[in-house]
Amino acid sequence: MPLRVYNTLTRQKEDFQTVIPGKVGMYLCGPTVYKPAHIGHMVGPVIFDTVKRYLTYSGYEVKWIVNITDVDDKLINRARESGTTVEALAKQMTQDYFDNLATMGIAIGRDGIDQTPYATQHIPEMLDMIQRLIDKGYAYPLDGDVYFDVTKDADYGALSNRRLDELIAGSRVEASDRKRHPADFALWKASKPGEPSWDSPWGPGRPGWHIECSAMSLKHIGETLDIHGGGLDLMFPHHENELAQSESCTEKKFARYWLHNGLMQAGSAAGKVGGGHDRHGDLAEKEAQEAGKIAGSKGAASVKELFEKFPPETIRFFLLATHYRSPIQFSDENIAETGKSIEGFYRLFETYSRITGHDFYSLPIAKTRAGTSPLPDQPAEFISAVKSFRDRFLDAMDDDFNTGGAVGVLFELRKVVNGFIADQKLESTGKSNTTALATLTSAVTQLKELANLLGVFIKPLPKQAAGADDGFAGELMNLILELRAEARTTKNWPMSDKIRDRLKELKVIVEDRPDGVTWRQG
RNA sequence: GGCGCUGUAGCCAAGUGGCUAAGGCAGCGGAUUGCAAAUCCGCCAUCCUCGGUUCGACUCCGAGCAGCGCCUCCA
């Protein structure tokens, strides 16, 4: 099945065809670095990281750019409030963003985001673009500002399905505003004293909000992007304006496919806090609304705080269990349930290691679809099941990156592998059944290869690593289990059960298996 | 007011113009176990409401209801 993607611009799924065959240029609107990242900021990166993984697996060479907007009104205000400089605040928050990406399993570099260009380092490119727009008659200077003239762009509004006359009704037309059309937006803003400022043909100033994405995507990818991504909230005005200025400037199609991800929504309190059109203009109210959208009425939790409650892998799985275009209901309960649901995978990986002596996480996997590791044809029924799950997984991904469907298939694959282990009695026959073990390894490898496309089950959880160490706690556990084993040999069930029950109260799960005893912290 | 999205089992969540409507969590029954745990097997929905199109719709169209997003430099 060929890859199909939903294009916001045409509002339908289209066959995926890149500008240059075999290559993909992908641009994702990154953050304005003025405050610590919250969970919502991770949605786009996780999704497009997965998109890149899948495209790479499908044989494309992908270049993925995520910009950093490090000059902006919010940044200026925030720096002023907290008595720091724009540069210092931006640097700090950029680092926070990168830290969070790393924690979520998103690399900076070849295996992840190829480049993270900064707005402030592309002022000349922006000035050049603005000048070209003026020269072509699409933009006009006005008292040190430069505005894009939306009436000159016949297609303006196509992406977000808006018409100019409707925009007038919704926009605030201020008396002092001398723009030609209320929807005209700033390409360049004259800077006020104390604000970051760069020289320009129109006087000292700073870039408008949208121009940096147009300039940086042009420089780092080219005139036509294959994929332009971002949150649904950016569709208007940000993406609409990017589209207008870029196409007016280059007279080329700006992006082949516009992919917009759904937004993170808070729990039940969201409607109360974030909904409605409150007319209280004060900042606190505004911030409460913003918080409500992603973290309920209790305020926006930073991702860092969330990482203290849940393993990043659980959060990543949680984000990918829903289709990227759908909104995701955020709540601790929902994430906790995801955590519970993926427990079974960790059990399987432990079981696999126990009966084969191999570490699941060290299994080598194919990097491309074409080079996938071969499967035996031994137990026909089992192998054909594995193959069909693989096909269904890839079909789901080919259908507009349907990670939710793919996740479901992964669960089915897990189940059938567990079934194989049970049927072959691998827990008890142990290492003697080498044929079955080899079959098991190829099936598990297949599972790992697919999971890798979602960016999960790549490294062992820190907690698991800690549980496996030989520290004092480990020694103590060995001692306790030794005593319990003695009680069991003498059929002293009350004693052995008491030990197990008391350990359970301490969140230690003891499991008696045919070939021995295992324990883990739950 | 304008534009748009969503409504599938107790909860989360895929999907399809007609075949048994994925999967997970929770629950129930069974196998296994000294008892458990883990694992396996089985059970558990007719798809918001009302109309229409159709041989046939949960899937297409219309209306309604409910929830939500954007229109306000939030990813």
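These numbers come from the heavy atoms of this one structure, side chains and all, not from hydrogens, waters or symmetry mates. Every chain is numbered from 1 and lettered A, B, ... according to where its sequence line falls, protein lines coming before strand lines.
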Participant: Minimum heavy-atom separation for A:E212 to A:Y27, with atom names?
Facilitator: O-OH, 4.4 Å
Participant: With centres under 5.5 Å and planes under 30° as the test, does A:W493 stack with B:G34?
Facilitator: yes
Participant: What does A:L263 touch in the nucleic acid at a heavy-atom separation under 4.0 angstrom: a base, only the sugar-phosphate, or nothing?
Facilitator: base
Participant: Please work out if A:N418 contacts a base, only the sugar-phosphate, or nothing of the nucleic acid, heavy-atom cut-off 4.0 Å.
Facilitator: sugar-phosphate
Participant: Please give the distance between the C1' atoms of B:A75 and B:C55 as a whole number of Å.
Facilitator: 49 Å
Participant: Between B:C60 and B:G2, how far apart are the two C1' atoms, rounded to whole Å?
Facilitator: 26 Å
Participant: Which value, in whole Å, describes the distance between the P atoms of nucleotides B:C35 and B:C47?
Facilitator: 44 Å
Participant: Quick one: does A:R163 reach the base of B:C3 with a side-chain donor-acceptor pair under 3.5 Å?
Facilitator: no
Participant: For B:U46, what is the paired nucleotide under Watson-Crick or G-U wobble rules, both distances under 3.5 Å?
Facilitator: none
Participant: Which pair of non-hydrogen atoms, one from A:D332 and one from A:F310, has the smallest distance, and what is that distance?
Facilitator: O-CZ, 3.5 Å
Participant: Judged by modelled atom types alone, do A:Y352 and A:T441 share a side-chain donor-acceptor pair under 3.5 Å?
Facilitator: yes
Participant: In terms of the nearest nucleotide of RNA chain B, which residue is placed more toward the 5' end: A:G230 or A:R392?
Facilitator: A:R392
Participant: Students often get this wrong, so: under 4.0 angstrom with heavy atoms, is A:V510 touching a base, only sugar-phosphate, or nothing?
Facilitator: base
Participant: Under 4.0 Å, heavy atoms only, any strand: does A:D497 hit a base, just the sugar-phosphate, or nothing?
Facilitator: base
Participant: Is NZ or CZ of A:R78 both nearer than 6.0 Å to the six-membered ring centre of A:Y34 and within 45° of the ring axis?
Facilitator: no
Participant: How is A:G44 classified with respect to the nucleic acid when contacts are heavy atoms under 4.0 Å: base, sugar-phosphate, or nothing?
Facilitator: nothing
Participant: Could you tell me how far B:C48 sits from B:A57 if I compare only their C1' atoms? Round to whole Å.
Facilitator: 16 Å
Participant: Quick check for you: among B:A36, B:C73, B:A26, whose closest atom lies nearest to any side-chain atom of A:D72?
Facilitator: B:C73
Participant: Considering Watson-Crick and G-U wobble pairs with both distances under 3.5 Å, what does B:U33 pair with?
Facilitator: none
Participant: Which of the following nucleotides, B:A75, B:A26, B:C68, is nearest to the side chain of A:K340?
Facilitator: B:A26
Participant: Roughly how many Å apart are B:U33 and B:C12, using the P atom of each and rounding to a whole number?
Facilitator: 38 Å
Participant: Dump the pairs, protein N or O against N or O of nucleotides 11-15 of chain B, anything under 3.5 Å, distances to one decimal.
Facilitator:
unit_1 : atom_1 : unit_2 : atom_2 : d
B:A14  : OP1    : A:H323 : N      : 2.6
B:A14  : O3'    : A:N402 : ND2    : 2.9
B:G15  : OP1    : A:N402 : ND2    : 2.9

Participant: Atom CD1 of A:I421 and atom C1' of B:U32: how far apart are they, to the nearest Å?
Facilitator: 15 Å
Participant: Within the modelled atom types, does a donor on one side and an acceptor on the other bring the side chain of A:K415 and the base of B:C41 under 3.5 Å apart?
Facilitator: no
Participant: Would you tell me whether A:S214 and A:Q245 have side-chain atoms, one donor and one acceptor, within less than 3.5 Å of each other?
Facilitator: yes
Participant: Classify A:G408 by what it touches in the nucleic acid, base, sugar-phosphate, or nothing, heavy-atom distance under 4.0 Å.
Facilitator: base
Participant: Salt bridge check: are A:D399 and A:K13 linked by an N-O gap of less than 4.0 Å?
Facilitator: yes
Participant: Rounding to an integer number of angstrom, what distance separates B:U46 and B:A37 when you compare their P atoms?
Facilitator: 31 Å
Participant: So for A:R347 and B:A38, does any side-chain atom that can act as donor or acceptor lie under 3.5 Å from a complementary atom in the base?
Facilitator: no
Participant: Between A:H260 and A:H239 (judged by ring centroids, cut-off 6.0 Å), do the two rings come close enough to count as a pair?
Facilitator: yes
Participant: Contact class for A:R325 (heavy atom, under 4.0 Å): base, sugar-phosphate, or nothing?
Facilitator: nothing
Participant: Would you check if A:W64 and A:D49 make a side-chain contact, meaning some heavy-atom pair closer than 4.5 Å?
Facilitator: yes
Participant: Tell me the partner of B:U72, counting only Watson-Crick (N1-N3 plus N6-O4 or O6-N4) or G-U wobble (N1-O2 and O6-N3) with both under 3.5 Å; none if nothing fits.
Facilitator: none
Participant: Whom does B:C60 pair with, Watson-Crick or G-U wobble, provided both distances fall under 3.5 Å?
Facilitator: B:G52
Participant: If you measure from the C1' atom in B:A21 to the same atom in B:A9, how many Å do you get, rounded?
Facilitator: 11 Å
Participant: Across all strands shown, which nucleotide pairs with B:G10 by Watson-Crick or G-U wobble geometry, both distances under 3.5 Å?
Facilitator: B:C25
Participant: Quick one: on RNA chain B, does A:W209 or A:I342 contact a more 5' nucleotide (nearest heavy atom)?
Facilitator: A:I342
Participant: Could you work out the separation of B:U53 and B:U8 based on their C1' atoms and round it to a whole Å?
Facilitator: 23 Å
Participant: Could you state the atom-to-atom distance from CZ of A:R520 to C1' of B:A38 in whole Å?
Facilitator: 7 Å
Participant: I need the OH-C1' distance between A:Y34 and B:C73, as an integer number of Å.
Facilitator: 9 Å
Participant: Scan A:S160 against the nucleic acid and name what it touches under 4.0 Å (heavy atoms): base, sugar-phosphate only, or nothing.
Facilitator: sugar-phosphate
